[in-house]
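This report refers to the structure that appears directly beneath it.
Order of appearance sets the numbers: ligands from 1, and atoms from 1 within every ligand. What you see below is based on every heavy atom in this structure, not just the backbone, and it leaves out hydrogens, waters and symmetry mates.
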Amino acid sequence: MEQTAAQGLSSAEAKERLQEFGPNQLPEKRGDNPARIFVSQFNSPFIYMLLAAALVSFGLDHTVNGVFILAVLVLNATIGTIQEYSAQRAATALKQMVPQFAAVIRDGETQTVNATELVPGDMVLLVSGDKVPADLALSSVQDLLINESVLTGESNAAIKQVDTPIPADAPLADRSDQAFAGTIVTHGRARGEVIATGLQSQIGRIAADVSAVEHIKPPLLQRIERFTLRVSYSVLAVILLLFVITLFRGADLASVFLLGVALAVSAIPEGLPAAITVALAIGMRRMAKVNVIVRKLVAVESLGSCTYIASDKTGTLTVNEMTAKVVLLPDGRRYRVGGEGMDMHGDILGEGLPPGENDDLEPLILSGLLANEASLVFRDNQWNASGDGVDLAFQVLAAKYGFDLQNYRQTYTELSRIPYESENAYSASTNDVAGELRVHVKGSAEKVLAMCKRLPGGASIDPTAIMTQADQLAGEGYRVLALASGAVSEGTPSLAGCINDLTFQGLVGMIDPLRPEAKDAIARCRDANIKVAMITGDHPQTALALARELRIADTDDKAVTGTQVEKAAAQGEEQLAECVASSSVFARVEPTQKLTIVQRLIDSGHFVAVTGDGVNDAPALRHAHVGIAMGKRGTDVARESAELIITDDNFASILQGIKQGRIVYNNIRKVVFLLISTGAAEITLFILSVLFGFPIPLFPIQLLWLNLVTNGIQDVALAFEPEEGDELKRAPRAPSETIFNRIMVERVLVNAVVMGCLAFIVFAWSLSQGMSEESARNITLLLMVLFENVHVLNSRSETQSVFRQPFFGNPLLLFGMLAAQGIHIAAMYTPGLKDVLQVEPVSLLQWATLLCIALVLIVVSEAHKHINKRKAATRPSTDAG
Ligand code: ADP
Ligand code: MG
């Protein structure tokens, strides 16, 4: 390699190599092609039955029926294919909205690039939480642990070290001096040179295995399929009964068989799973528009049922732009720091001291600068920041004090370092300070204080006094960090061994402004009856101060600490339950304790969404009902463990996601309602006719027509329904609630019975007026088409009046209604088709009469909604507050 490791490649060289080696990415997993999807549409018991029916028709010389059935099949399959294909395309497109980044040294500077731009020879930096972006030959490591289960199947993290040479042909699992693309850094830091990218990498070679999509169906779809199957059995049982009765009455076997099949196809909601997939896919697309990327289709719906959001603080509720505002020396001298964010200018003024008397701050500020991993580089006329927010704040503080950020690394050569890991809550480094070897530590007050023996000048420490200072700063809402340093004696074996004899230097209070939208979003969560809690690694007082401002906590609420949670857990289930329910602010929480809290919430019946960003959040994210990772700031690990990714890291987006989730669930209910109730109506019509000894009210071909012209388009159109507006004002549904709850059953019964009975009355009345059977069926069929179109309008809302729905809110639905009605009218006038369907034009008077009868359905449905609303209003609300 011509460049030195410290310089990395030059941008020009990297560009050239990118041309040569191609982008560092694996070929997009190819979805099924449309032809494949089309064929798969025929893979269902219903379709087999219809195919059998078509064959029977041909065999019996009912060619027209046979052709018609086949036409229905092809049309159904075509609609299904279009839906599935576009859902699949949408899912692939979303994936590309969450790019992976890599820290790389180029032109001698640390840069963040899209991982696809890495080339062999690039020098890559790894931090815990990263997904390794390419195969690397490690050149230096620090406590590096990598989870390589995607490659080796070994779930324990592998320890990496570069001291002993490894033969190049060693099995993957033994190559401790390499890191492989796609594996996950769970701990430590490292640096390594890219040796293979894209398809050349180890994971690239087996890409087919790894990128295979999970073919497990989401639970919601499984439930729906089971439900469909159950409905089908009951429908088949009824049909069998009708079959036997009609046969008994002397009809011929073949035509009764055909009728049975037609009735089955019409009444069985076989389109349900497909329509639900569409509803979920639409929700996915709408969520992407509000910055919520869904990694698993079903999470769309689960987010809607969430009753509890356990949010982390930094970055989700705050903007994660730390600014050091206060420095507090152990003797009580207090300094204020001016300037905000990445502004490098700001005065440091001692309270009650003349300006410029800051010399005593220097050692403290130096500790903050050296026990620090962030980098601030002045390039292209601006400061380019990379690294942790706390670390950056200390760099800015040092710049304000007068340190030279461009050159300090040369002045204070670093010899070793303990990087910040959130489980440690501190970081440390040893540096050469003017010829003397010194160690510097920054971290939480508790942690740092435990390492300290004395105060500057040699006086002994009063830990309680310092903790009081820290509590006070925290109570003012500052994030508090403590600093310490000490000499390193000759021959100390490791850095960890020399951080127990330090001099305490003082405290720094940082602010991290609240996200402007957070407060409003939390208020709206309250309206939607979703509980919000803050779980943080930060100090209880800091957490409480912010929580109060956000109104997550009331003035007299207390924070519960991770230690308290652990103690309660040790005492038993009951104590733990009480402890977790007692507060909505959890502070100084360690990852395992976070998991305990989440588990407890789940046990208590909550549907829990958890947000997280760090390596250690992964277990809680995976464990929650809905894991939510932050797209910008989150680690790769967190993103891989989550179902949802918020691309703008904003708490308010979660709320928007919940709203979309609720819309999707409601729309799914609308589709279910439409399909089940129309099916039930047809069955009712047939049962009545058979019971009262009438001829069959509709021919098989007419039933198929009805099924095709109406349900085919309408059910999918309902999946596109927009919001009703009050989604976020309703309480979340109980996690145990099934789709078929009381209101659904009631509505299906009321609507189906009204449709079925009215249709039967019209059929019977027509016959009694001396109409031919053919004409009576014509009238009945037209009425059913009208009914179903009216019914679509009823289905648009479960609770709200038809007339309150924006009429043009769902153009697809309007189009569907017009198309269905238009096609049927056209059939009445089209020679040929008209004879096949046995339909004919009807008089204006008949039209008017039928339309009036159809509109009765609206009146009934409206009345039912109204009664339900009154009942709901008088029922004592169980979730007030
Ligand atoms: P949060 O839940 O707000 O993200 P963290 O887990 O990031 O909290 O931080 C927990 C504690 O660790 C902080 O209160 C602070 O004392 C300490 N800490 C945070 N970041 C750093 C850092 N970069 N270096 C040293 N200590 C840190
Ligand atoms: Mg953090």
Side-chain angles (χ1 to χ4, degrees), residues 127-129 189 310-322 324 367-375 385-397 417-429 440-451 466-467 470-471 473-474 477-484 499 505 507-515 518 533-547 550 552 559 561-562 585-594 597 610-617 620-621 629-630 633-635 638 649 651:
V127 188
S128 48
R189 305 286 187 274
S311 174
D312 63 352
K313 172 174 71 70
T314 311
T316 311
L317 296 171
T318 67
V319 294
N320 195 22
E321 258 188 36
M322 237 68 77
S367 290
L369 177 64
L370 294 180
N372 195 312
E373 285 184 279
S375 92
S386 75
D388 179 84
V390 169
D391 285 12
L392 284 170
F394 273 112
Q395 300 238 350
V396 174
L397 178 64
R417 170 192 289 183
I418 300 179
Y420 171 73
E421 302 275 357
S422 63
E423 72 223 39
N424 295 339
Y426 74 88
S427 64
S429 76
H440 309 271
V441 179
K442 76 172 196 311
S444 76
E446 295 95 315
K447 277 280 158 74
V448 172
L449 209 51
M451 304 169 184
I466 305 263
M467 280 318 290
D471 285 351
L473 268 187
Y478 293 110
R479 164 173 266 217
V480 181
L481 281 113
L483 297 132
I499 52 171
Q505 295 175 304
L507 303 169
V508 169
M510 300 187 171
I511 51 157
D512 181 9
L514 292 178
R515 280 184 174 276
M534 178 194 281
I535 303 187
T536 175
D538 214 337
H539 191 288
Q541 293 303 329
T542 314
L544 255 186
L546 289 172
L550 288 167
I552 289 178
T561 63
V585 182
F586 301 91
R588 286 289 187 242
V589 175
E590 284 170 20
T592 51
Q593 299 162 340
K594 188 164 181 175
I597 298 171
V610 169
T611 73
D613 55 355
V615 206
N616 303 304
D617 290 327
L621 285 176
M630 299 300 136
R633 173 187 42 112
T635 55
D649 290 14
F651 185 86

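Within the listing of ligand 1, atoms 22 (C), 23 (N), 24 (N) sit less than 4.0 angstrom from a heavy atom of D391. Shown in contact with G443 at under 4.0 Å from a heavy atom are these atoms of ligand 1, numbered in order with element: 16 (O), 25 (C), 26 (N). Listed by atom number, the atoms of ligand 1 under 4.0 Å from T314 heavy atoms are 1 (P), 3 (O), 4 (O). Near K313, meaning under 4.0 Å from any of its heavy atoms, are these atoms of ligand 1: 3 (O). Close contacts of ligand 1 with V480, meaning ligand atoms under 4.0 Å from a residue heavy atom, involve 16 (O). Here is the list of ligand 1 atoms found below 4.0 Å of a heavy atom in S444: 16 (O).
Counting heavy atoms closer than 4.0 Å to ligand 1, residue K447 contributes nothing at all. Contact annotation for K442 and ligand 1: heavy atoms of both the backbone and the side chain come within less than 4.0 Å of the ligand. Using a 4.0 Å cut-off between heavy atoms, D538 contacts ligand 1 through both its backbone and its side chain. Under 4.0 Å from ligand 1, heavy atoms of T536 appear from its side chain as well as its backbone. Contacts with ligand 1 closer than 4.0 Å are made by side-chain heavy atoms of R588 only, the backbone lying farther away.
Residues D649 and R515 are not paired through a salt bridge, judged by the lack of any N-O separation under 4.0 Å between the basic side chain and the carboxylate. With salt bridges taken as basic N to acidic carboxylate O contacts below 4.0 Å, one links K594 and D617.
When only interatomic distances are considered, the shortest N/O to N/O separation between G537 and ligand 1 falls below 3.5 Å.
Heavy-atom distances between D388 and ligand 1 reach below 4.0 Å in at least one pair.
Rounding to the nearest 0.5 angstrom, the gap separating the CE atom in M534 from the CZ atom in F586 is 11.5 Å. Taken from CE in M322 to CG in L397, the straight-line distance is 13.5 Å, to the nearest 0.5 Å. A distance of 12.5 Å separates OG of S367 from CG of L481, quoted to the nearest 0.5 Å.
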Apply salt bridge (Lys or Arg N to Asp or Glu O under 4.0 Å) to the pair D538 and K313, showing each step before the final yes or no. CA-CA 8 Å; D538 214 337; K313 172 174 71 70; 2.9 Å; yes
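Considering only heavy atoms from C-beta on, K442 stays 4.5 Å or farther from V448 through its side chain.
For T611, the side chain to side chain donor-acceptor pair (under 3.5 Å) partners are D312, not counting sequence neighbours. Partners of E446 according to the salt bridge (charged side-chain N to carboxylate O under 4.0 Å, His left out) rule, which considers only residues two or more places apart in sequence or in another chain, are R588.
Between atom 22 (C) of ligand 1 and the options F586, Y420, Y426, the minimum heavy-atom separation is to Y420.
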